[in-house]
Amino acid sequence: MELAYIPSPSSGVLYLGPVPLRGYAFCIIIGVFVAVWLGNKRWIARGGRAGTVADIAVWAVPFGLVGGRLYHVITDYQLYFSEGRDWVDAFKIWEGGLGIWGAIAFGALGAWIGCRRRGIPLPAYADAVAPGIAFAQAIGRWGNWFNQELYGRATDLPWAVEITSSADGRVAGTYHPTFLYESLWCIGTALLVIWADRRFRLGHGRAFALYVAAYCAGRFWIEYMRVDEAHHILGLRLNNWTSILVFLLAVLYIVLSARKRPGRETTVEPGAAGADGEAGAVEKDGAEPAGAEGDAPAKEGSETSKTSEGSESSEGSEASKDGAGSAKKS
């Protein structure tokens, strides 16, 4: 009986005439659009202006791509600079190979430059775009499926991915689809951050730190399943150690930030009036804004008060007259 499995595409490239359309690149581009779209919605909800996220992404995305490629090339230098390899391949980003650690680090640098030019606090911007980045990773991981790469150990599970390519030492067979595992984990991470942000009103970079910590937790066990060539330290892959270190730093940031700067920023962009700012004013004053409906009860109350006072005065005066009459009779 033939086992069920996830088939891999016969080719990761489609040709529109002479123009190659690469699945890996499409996944990256779609992921960027999703991240910017969701980040823009969250930024506006926090009190920012529409379009600011896209303007800063013009800095963050190119920096992130360069950083992701640098991390991959440095940590897997043997793929490009060992004997029989062509170092020019290090520039062929469309063939796969982006390290998320370098992408986030350099992307943050680009975002910092963009935020600084607009007078925006980087932590607030990072909180707004954090879930979008996780969704972008979930989409981008399918680029590895197009390239038949980053799979795990051999398995006969129904959701195994079939590898048919023999390039770079691959052996045809069915394997754990670690790209799928990471894609699903990233979706869960994005939903977790959105929920926690609404529930606890995370601010000052803590939503972004939660995304980092949650991603690292998943990346650790997923990385442990992979069988592609990697450097090992004390029996663990390099990215396992990176996951542990970054996870601890993210958790430490959440704890220290919550103690030093609790709550959420009241202003995220100079000159922009947003929903959070208005809500904050309501919560701070402890009363709803005066309105037509709010004035009506007060008016009715004042009229009732006047009527009541008038009745009491009338009754009081009549009582006084009766008392005076009684006094005269006696």
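Quick note: numbers below take in every heavy atom, side chains included, and nothing from hydrogens, waters or symmetry partners.
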Test item: Phe200 and Trp195 side chains (from C-beta on) under 4.5 Å apart, heavy atoms
yes
Counting C-beta onward and ignoring hydrogens, is there a side-chain heavy-atom pair between Arg22 and Val13 closer than 4.5 Å?
yes
Sub-4.5 Å side-chain heavy-atom contact between Trp101 and Thr75
no
Among residues at least two apart in sequence or on other chains, which ones pass side chain to side chain donor-acceptor pair (under 3.5 Å) with Asp55?
Arg118
Is it true that a side-chain atom of Trp59 and a backbone atom of Cys115 form a donor plus acceptor pair closer than 3.5 Å?
no
Using atom types as modelled, flag every donor-acceptor pair under 3.5 Å from a side chain in residues 29-42 to any protein atom, sequence neighbours excluded.
unit_1, atom_1, unit_2, atom_2, d
Asn40, OD1, Gly51, N, 3.0
Arg42, NE, Ala128, O, 2.8
Arg42, NH1, Asp197, OD2, 3.4
Arg42, NH2, Asp127, O, 2.9
Arg42, NH2, Asp197, OD2, 2.8

Heavy-atom donor-acceptor pair, Glu265 side chain to His204 backbone, under 3.5 Å:
yes
Judged by modelled atom types alone, do Ser243 and Glu223 share a side-chain donor-acceptor pair under 3.5 Å?
no
Are any side-chain N or O atoms of Arg49 and backbone N or O atoms of Gly271, one a donor and one an acceptor, separated by less than 3.5 Å?
yes
With side chains defined as the heavy atoms from C-beta onward, is the minimum distance between Tyr151 and Met225 less than 4.5 Å?
no
Is Val161 close to Tyr5 at the side-chain level, that is, under 4.5 Å between some pair of heavy atoms?
no
Check the surroundings of atom CZ in Arg85: do more than 12 heavy atoms from other residues, nucleotides or ligands lie under 6.0 Å from it?
yes
For the backbone of Leu150 and the side chain of Thr178, can you confirm whether one donor and one acceptor N or O come within less than 3.5 Å of each other?
yes
Non-neighbouring partners of Gln137 that pass side chain to side chain donor-acceptor pair (under 3.5 Å), sequence neighbours left out:
Tyr211
Who passes side chain to side chain donor-acceptor pair (under 3.5 Å) against Ser183, sequence neighbours left out?
Trp142
I'd like to know whether OH of Tyr181 has more than 12 heavy-atom contacts from other residues, nucleotides or ligands below 6.0 angstrom.
yes
Expected output: side-chain Gln148 to main-chain Pro9 donor-acceptor under 3.5 Å
yes
State, with a plain yes or no, whether a side-chain heavy atom of Asp76 is found less than 4.5 Å away from one of Glu229.
no
d(Arg141 CZ, Leu180 CG) to nearest 0.5 Å is 12.0 Å
Enumerate donor-acceptor pairs with a distance under 3.5 Å from any side-chain N or O in residues 60-69 to protein atoms, sequence neighbours excluded.
unit_1, atom_1, unit_2, atom_2, d
Arg69, NE, Ala90, O, 2.7
Arg69, NH1, Gly96, O, 2.7
Arg69, NH1, Gly97, O, 2.9
Arg69, NH2, Asp89, O, 3.0
Arg69, NH2, Ala90, O, 3.1
Arg69, NH2, Lys92, O, 3.4

Taking C-beta and beyond as the side chain, do Ile104 and Tyr71 meet within less than 4.5 Å on heavy atoms?
no
Which Ile, Leu, Val, Met, Phe, Trp or Tyr residues join Val73 in one cluster when any pair of side-chain heavy atoms under 4.5 Å counts as a link?
Tyr77, Leu79, Tyr80, Phe81, Trp87, Val88, Phe91
